[in-house]
Structure formats: structure tokens, C-alpha cells
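Quick notes on the structure that follows.
Just so you know, residue 1 is the first one in the sequence shown, and it goes up from there. In this text the structure is predicted, and so the values were computed from the model without any measurement.
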Amino acid sequence: MRALLSLVLLLLGGPAWAQERAAPLVLAAASLQEALSDAADAWSAQGHPRPVLSFAASSALARQITAGGRADLFASADTDWMDEVERRGRVVPGTRAVLARNRLVVVARPGTPDVSATRGAALARRLGAAPLAMADPTAVPAGKYGEAALRTLGAWDAVSGRIVRAENVRAALALVDRGAAPYGIVYATDARAATAVRIAGVFPAASHPAIVYPVARLTDGPAPREAEAFRRFLLSRAGQAILARRGFAPR
């Protein structure tokens, strides 16, 4: 009831105290789902309104923000989409920071051969023999990292025609999980969150741009005070420990 009253007061332009205690809206990359849910639970356990979390591809969220969508925080899976949001004047100056880092891996169902030591023609033969699941490389960060890695390893031209393009990295993971594709390219943290897949190979860090997750507070957010407090919590030792438990590398 109190949450409903706060929402009504906010929508009607109610008292400042109601707006200050409103739950912040966080738009975050799909791969952050478990980690930010854990962080939101820990934050609300301290007496704060639990942040409202919305997960999707960073590209989709950035477009939503630049089209005028209101939110308090944005956590992207790459710097390019955060750069775009910042260029459009939607980032509060001084609030952008690195939240976490990740690794890029190949996932497969149990019993599927590893690809750990393969590259070039051998990697292309293995990954290109059947549909390869990955996030859309034209826009989604995980897909862009995947394309860069495959190009570096000399396999992109041979496998590009076999790619099943998913709307985000979790959708790519689901294709492998359901058996729709024998291999998929996702983040290491996504592989940890799955139950029916395993890591079949880890891409060399030098084969693709560093996987960096920036976070920033957005202009015109409905709950700026709580949003800033939650942003600082995510960057704190306690927040970073939560991310680490879900497999993210330190910022």
C-alpha cells in the first residue's frame, strides 16, 4: 500500500519526500540479471525501496533512453552504447563509472567437443558445422565482441552464414540450452547462470575489445536521490562483492 501511495504521489507531482523515497528505475544489460537482482535485494534489506530492474540488450535500452524514455540508472555491457547515451546529453555529469568486467566464452551442451585450443579453419569447421547462437553482432555488445573474436581467430567468414542472431545474450544462451544450436557465444557469467550448458572454450582476451560494463545516472530520472545512493552501493566494496559472486571481474 505504501509503495502504491508513493507511486501515485510521484505521478501527480506529490511531495518531495515521496519522490525522494521512490524506487529508482534501473535499465541494465541482460547479462546483469542475477547480479543486479542480488544487489537490489541486499539494498532493500537495508531499508531502501527496492530498485525496479528492467533487463534487455544494451542497444535496445540505449535507444529507449535516447528516444526520451525516463529511467534513473543505465548499466551497459559496452562503452559504445553508454557513449551514445552520453552524447545525447542523458548522462548526469560525473556519475559514469566502470561497474564490472567480463569474459567471452563458447558454450555447448554436455557431450559436445571443446573448442578451447582451436582457431582458424579448425575453429570454423567446428562452429560452422551447425547453427551458431549469438547476440546480433550488428548492435548487441555480446554479438559485437563475438564477431571481433571470430575475426581475430580467422573464423568469421566461414561461420557468419550459420549464425542464429538473438535479440540479446540471454536469448542466445537459451538457444543452446534448448538444443536449438550446439554452440553459442555468451559471457562467462551467462554460462554460470545456465543449468544445461557448459563452457566449451574461452576466447583469448586479446581477441576482442575489453568487456567493460559502465554505469551512470540518467538525467530526468524520477528518483535521483535513491538512484545515486544505489549507484554508489554498486560501486562499493559490498556491491562489488555481490557482482564477484556472480562471476564478474572487478571494475
Side-chain angles (χ1 to χ4, degrees), residues 26-41 52-64 74-78 80-81 99-116 123-124 126-150 155-156 159-203 207-208 211-213 242-243 245-249:
V26 181
L27 304 183
S31 51
L32 287 166
Q33 184 170 334
E34 290 79 15
L36 287 195
S37 294
D38 290 349
D41 288 342
V52 177
L53 308 175
S54 179
F55 299 101
S58 301
S59 51
L61 296 174
R63 288 167 179 152
Q64 178 181 332
F74 176 41
S76 173
D78 74 353
D80 289 347
W81 285 111
L99 175 63
R101 301 175 188 273
N102 216 333
R103 295 294 305 273
L104 192 69
V105 303
V106 175
V107 291
R109 293 183 65 82
T112 308
D114 282 353
V115 297
S116 307
L123 180 62
R126 184 66 55 79
L127 296 183
L132 173 64
M134 60 188 293
D136 184 358
T138 64
V140 184
K144 292 162 61 180
Y145 293 129
E147 178 179 347
L150 291 172
W156 174 255
V159 306
S160 59
R162 301 288 286 169
I163 290 172
V164 180
R165 302 178 181 227
E167 63 182 11
N168 59 56
V169 69
R170 286 304 175 88
L173 180 68
L175 289 171
V176 183
D177 195 42
R178 296 197 305 263
Y183 293 103
I185 298 176
V186 301
Y187 300 122
T189 52
D190 297 306
R192 287 170 57 112
T195 58
V197 304
R198 64 182 184 83
I199 293 178
V202 180
F203 286 103
S207 68
H208 55 80
I211 301 175
V212 176
Y213 288 71
I242 293 171
L243 288 161
R245 286 197 290 273
R246 287 294 185 174
F248 287 90

Output yes when a side-chain donor or acceptor of Ser58 lies under 3.5 Å from a complementary backbone atom of Ala77, and no otherwise.
yes
Can you name the one residue among Val202, Ile199, Leu127 that meets side chain to side chain contact (heavy atoms under 4.5 Å, CB included) with Val106?
Leu127
Find the distance between CZ (Arg198) and OG1 (Thr112) and round it off to the nearest 0.5 Å.
6.0 Å
With rounding to the nearest 0.5 Å, note down the distance linking OG in Ser37 to CD1 in Ile242.
11.0 Å
Hits for ring-ring contact (aromatic ring centres under 6.0 Å, His included) against Phe248, two or more places apart or cross-chain, chain-then-number order -> Tyr213
Does any N or O in the side chain of Arg103 come within less than 3.5 Å of the main-chain N or O of Phe203, such that one atom is a donor and the other an acceptor?
yes
When you measure from the side chain of Arg246 to the backbone N and O of Gln33, does any donor-acceptor pair fall under 3.5 Å?
no
When Ile185 is tested against each of Leu173, Val159, Leu132, Asp190 for side chain to side chain contact (heavy atoms under 4.5 Å, CB included), which residue passes?
Leu132
Residue set satisfying side chain to side chain contact (heavy atoms under 4.5 Å, CB included) with Ala249, at least two apart, ordered chain then number -> Arg101
Where the side chain of Trp81 meets the backbone of Arg63, is there a donor-acceptor pair that is under 3.5 Å apart?
no
Quick check for you: to the nearest 0.5 Å, what is the distance between Phe74 atom CZ and Leu99 atom CG?
12.0 Å
Around atom CD of Glu167, are there more than 12 heavy atoms of other residues, nucleotides or ligands at under 6.0 Å?
no
Provide the closest heavy-atom pair for Leu53 versus Leu36 in the form atom of the first, atom of the second, distance.
CD1-O, 3.6 Å
Apply side chain to side chain contact (heavy atoms under 4.5 Å, CB included) to Asp80 and list each qualifying residue two or more places apart in sequence or on a separate chain.
Asp78, Asp83, Lys144
